[in-house]
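I have placed the structure first, in the form of structure tokens, so that the comments after it can refer back to it.
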Number of protein chains: 2
Amino acid sequence: MSAHALPYRPHNHQACVTQALADARSICQQQNVRLTPTRERVLELIWQSHKPLGAYDVLAKLTSEGHNAAPPTVYRALDFLQQQGLVHRIASLNAFTGCTHAGEHHTGMFLICRACGNVLELTDASVSTAIQNAANAEAFRAETVTLEVAGLCPGCQAEKAV
Amino acid sequence: MSAHALPYRPHNHQACVTQALADARSICQQQNVRLTPTRERVLELIWQSHKPLGAYDVLAKLTSEGHNAAPPTVYRALDFLQQQGLVHRIASLNAFTGCTHAGEHHTGMFLICRACGNVLELTDASVSTAIQNAANAEAFRAETVTLEVAGLCPGCQAEKAV
DNA sequence: CGTGCAAATGTTATAATATTGCACTTTTTG
DNA sequence: CAAAAAGTGCAATATTATAACATTTGCACG
Ligand SMILES: [Zn+2]
Ligand SMILES: [Zn+2]
Ligand SMILES: [Zn+2]
Ligand SMILES: [Zn+2]
């Protein structure tokens, strides 16, 4: 059901967006929450961007298409989308990105290219396990994990080599 | 040489601070960089707090003790301290905490209690390895890792149970 | 149907976090 | 000492996020 983005490969991105929106509608229906036009449009804008979008980037796009929006409009939509697991906030960028594992219970790990800005979301069991073990060893009850790795994606490594 | 804080146990914290400052002076001397009075005072303020301190918290303390400080004063000191590996920025809190492994080459993992606000910095080889492996599997060259785990520390779990 | 509640949105203002640019001072270096 | 580099003071501004309250919309219920 989920649209798993192919890492770093060119692809028909509009298909990703369409799939993500369809998934979102389905998830919201199941959860009996309302994916209102504003919320859906915000989700679409975030998905359309290949790079994480700041709240004010979203706001600017909404404004430019005639939507009478203010910061709370955007932040409320983003809060909703996060709660439904449809987008993630990247703390190290103050930006938001569409979840590529929506509907699956997961903790995301993000590979953020510092050159091109692209972000790849992963789920890796051995990482999750290691983190849980480390927390347990300190008797710490882990609830939410923020794991963001900055570096160079394959494409940008190649460019540097040239 | 480093002052490794005892996790979540009461301790003579002034000793931690003194040790951390001594370590910092030594590290800066080795690196041939200048731990100026402002920088040293900012580091001390951060260490004196048990919880991560926001830049404007630091600024307020400096101001209250007569230092003629503005935001750039603090951010510059913090940038310096981060570069020297003496403090870490906690992205999910927009706050700063003293590094308990200063001088050691390490990637920190932070256990952040959402109840009491305390932060414990860990280094865990199996976590680092798992993250590196996951990044390598995507041909991603990892450079900096942000790993912040929010949850409940042992003490606050106990309180909840009461 | 209405009527009434809860959820969602609009609107204004403001808070919190962070950076830019430029002048000035201190430290280092030759 | 003089020049260069590093650090600081200072004012303004940029960026990110929230508070507070009025208004509208969707929906359950009678
Ligand atoms: Zn996800
Ligand atoms: Zn890249
Ligand atoms: Zn550290
Ligand atoms: Zn606690």
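Letters A, B, ... are given to chains in the order of the sequence lines, protein chains preceding strands, and every chain is numbered from 1. Computation of the quantities below employed the complete heavy-atom set of this structure, encompassing side-chain atoms and omitting hydrogens, waters and symmetry-equivalent molecules.
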[X] side chain, from C-beta outward: closest of [options]:
X	options	result
A/Arg76	D/dT18, D/dC10, C/dG10	C/dG10
A/Pro71	D/dT8, C/dT17, D/dT18	D/dT18
B/Phe96	D/dT8, C/dA18, C/dT11	C/dA18
A/Arg34	D/dG26, C/dT11, D/dG9	D/dG26
B/Ala55	C/dG10, D/dC10, C/dA18	C/dA18

Using a cut-off of strictly less than 4.0 Å, decide whether B/Thr36 has a side-chain nitrogen or oxygen near OP1 or OP2 of D/dT8.
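Checking D/dT8 against B/Thr36, a side-chain N or O does come within under 4.0 Å of OP1 or OP2.
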
Any side-chain N or O of B/Arg39 below 4.0 angstrom from OP1/OP2 of D/dG7?
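Yes, because at least one side-chain N or O of B/Arg39 sits under 4.0 Å from OP1 or OP2 of D/dG7.
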
Rounded to the nearest 0.5 Å, how far apart are [atom1] of [X] and [atom2] of [Y]?
X	Y	atom1	atom2	answer
B/Leu62	B/Thr73	CG	OG1	8.0 Å
B/Asp124	B/Met109	CG	CE	6.5 Å
B/Leu78	B/Phe96	CG	CZ	4.5 Å

Take the protein atom [atom1] of [X] and the nucleotide atom [atom2] of [N], then report the distance between them rounded to whole Å.
X	N	atom1	atom2	value
A/Leu53	D/dT15	CG	P	15 Å
B/Tyr75	C/dG21	OH	C1'	18 Å
B/His67	D/dC10	NE2	C1'	13 Å
A/Phe80	C/dA7	CZ	C1'	11 Å
B/Glu40	D/dT8	CD	C1'	17 Å
A/Leu81	C/dA8	CG	P	12 Å
A/Leu78	D/dT18	CG	P	10 Å
A/Asp79	D/dA19	CG	C1'	13 Å

Please confirm whether any donor atom in the side chain of A/Tyr56 sits under 3.5 Å from an acceptor in the base of D/dA14, or the reverse.
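Looking at the base of D/dA14, it does not pair with any donor or acceptor on the side chain of A/Tyr56 (distance under 3.5 Å).
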
Going by atom types alone, do B/Asn136 and B/Arg141 pair a side-chain donor with an acceptor below 3.5 Å?
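Checked: B/Asn136/B/Arg141 side chains show no N/O donor-acceptor pair below 3.5 Å.
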
Checking A/Gln83 against A/Asp79: is there a side-chain donor and acceptor pair closer than 3.5 Å?
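There is no such pair (donor and acceptor under 3.5 Å, judged by atom type) between the side chains of A/Asp79 and A/Gln83.
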
For a side chain to side chain contact (heavy atoms under 4.5 Å, CB included) with B/Leu35, tell me which candidate from B/Leu21, B/Leu81, B/Ile27 qualifies.
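Testing each of B/Leu21, B/Leu81, B/Ile27 against B/Leu35, the sole residue satisfying side chain to side chain contact (heavy atoms under 4.5 Å, CB included) is B/Leu81.
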
Expected output is a numbered-order residue list: members of residues 83-94 of chain A with a heavy atom under 4.0 Å from any atom of DNA chain D. What is it?
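A/Arg89, A/Asn94 - these, ordered by number, are the residues of the stretch whose heavy atoms sit under 4.0 Å from the strand.
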
According to ring-ring contact (aromatic ring centres under 6.0 Å, His included), who are the partners of A/Phe110, at least two apart in sequence or on a separate chain?
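Listed in chain order: A/His88.
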
A/Pro72 or A/Asp57: which one's nearest nucleotide on DNA chain D is closer to the 5' end?
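Between the two, 5'-proximity favours A/Asp57.
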
